[in-house]
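First up is the structure itself, then whatever we jot down about it.
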Amino acid sequence: MPVATASRVLTRPFFDRAVVAVARDLLGKFLVRRIRGRAVAVMITETEAYDGPRDRACHAHRGRTPRNAPMFGPAGHWYVYFVYGMHWMLNVVTGESGYPAAVLIRGVGDWDGPGKVTKALAIDGGFSGKAADGESGLWIEDRGVVVDRKNIRAAPRIGVDYAGAWARKKWRFVLDEG
DNA sequence: ACGATGATGAAC
DNA sequence: TTCATCATCGTA
């Protein structure tokens, strides 16, 4: 007899909203990675929003390229890219198709730093453009964790000083310990 | 404070 | 084809 689970896989309607709202709402959700039949789940504790062609910190600011193409696609898909010759960055696409926006998963569980997240869960560019679902082996679940608004801290995004005024927008969200 | 390390995109 | 840049991390 299966036990009713509080776990719910997040689908397109969750992601098909304004990117800043999605970034905030992803705190307390679980990133789940299937490896050899096992599901490894870790709670999302830090995110950043990248919002469209006008946001100078967003990769889509300079238009569509082969790399950032997934950002222009439908919400609920991964955008994964390689930086600094070493690290894979995991983003999930948000908003309506054609509008390039995505949330960077910066921290999960005890792993602070987007490069550590992908390394720990064996995530690489092969996921870019794939759907965030069971088929891709990487998805996000709501496991019933209730996040108090008071435990969410908003701060400027990391590593985007080149973006001028856009670098000062508080589009980074951190889940503080309750 | 800095070097590792290589894909990306824009310029030529 | 070259070149500067880069949504980072570990070590000093």
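Sequence lines set the chain letters: A, B, ... in the order given, protein chains first and strands last, and positions in each chain run from 1.
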side-chain contact (heavy atoms from CB on, under 4.5 Å) test vs A/Leu104 passes for just one of A/Leu90, A/Asn91, A/Thr47, namely A/Asn91
Sugar-phosphate only, base, or nothing, as touched by A/Arg67 at under 4.0 Å among non-hydrogen atoms: sugar-phosphate
What nucleic acid atoms does A/Phe82 come within less than 4.0 Å of, heavy atoms only: base, sugar-phosphate, or nothing? sugar-phosphate
Can you tell me how the ring of A/Trp88 sits relative to the ring of A/Phe82, calling it parallel under 30°, perpendicular over 60° and tilted otherwise? tilted
Nucleotide [N], atom [atom2] - distance to [atom1] of [X] in whole Å:
X        : N     : atom1 : atom2 : value
A/Arg157 : C/dC6 : CZ    : C1'   : 15 Å
A/Met89  : C/dA7 : CE    : C1'   : 7 Å
A/Ile158 : C/dC9 : CD1   : C1'   : 13 Å
A/Asp51  : C/dA7 : CG    : P     : 17 Å
A/Glu46  : C/dT8 : CD    : C1'   : 13 Å
A/Tyr50  : C/dC6 : OH    : P     : 12 Å
A/Asn68  : C/dC6 : CG    : P     : 15 Å
A/Arg62  : C/dA4 : CZ    : P     : 16 Å

For C/dA7, what is the paired nucleotide under Watson-Crick or G-U wobble rules, both distances under 3.5 Å? none
Is any side-chain nitrogen or oxygen of [X] closer than 4.0 Å to OP1 or OP2 of [N]?
X        : N      : result
A/Lys116 : C/dG10 : yes
A/His87  : C/dA7  : no
A/Tyr81  : C/dC6  : no

Along DNA chain B, first and last positions that approach a heavy atom of chain A under 4.0 Å: B/dA4 to B/dA10
Considering heavy-atom distances to DNA chain C, does A/Lys119 or A/Tyr162 have its closest nucleotide positioned more toward the 5' end? A/Tyr162
In Å, rounded to the nearest 0.5 Å, how long is the span from OG1 of A/Thr65 to OH of A/Tyr81? 12.0 Å
If we ignore hydrogens and angles and just use 3.5 Å, is the side chain of A/Asn68 paired with the main-chain N or O of A/His59 as donor and acceptor? yes
Is A/Thr45 reaching over with its side chain to a backbone N or O of A/Gly107, donor-acceptor style, under 3.5 angstrom? yes
Between A/Leu26 and A/Phe30, is there a shared hydrophobic cluster once you connect ILVMFWY residues whose side-chain heavy atoms come closer than 4.5 Å? yes
Under-4.0 Å salt bridge between A/Glu46 and A/Arg172: yes
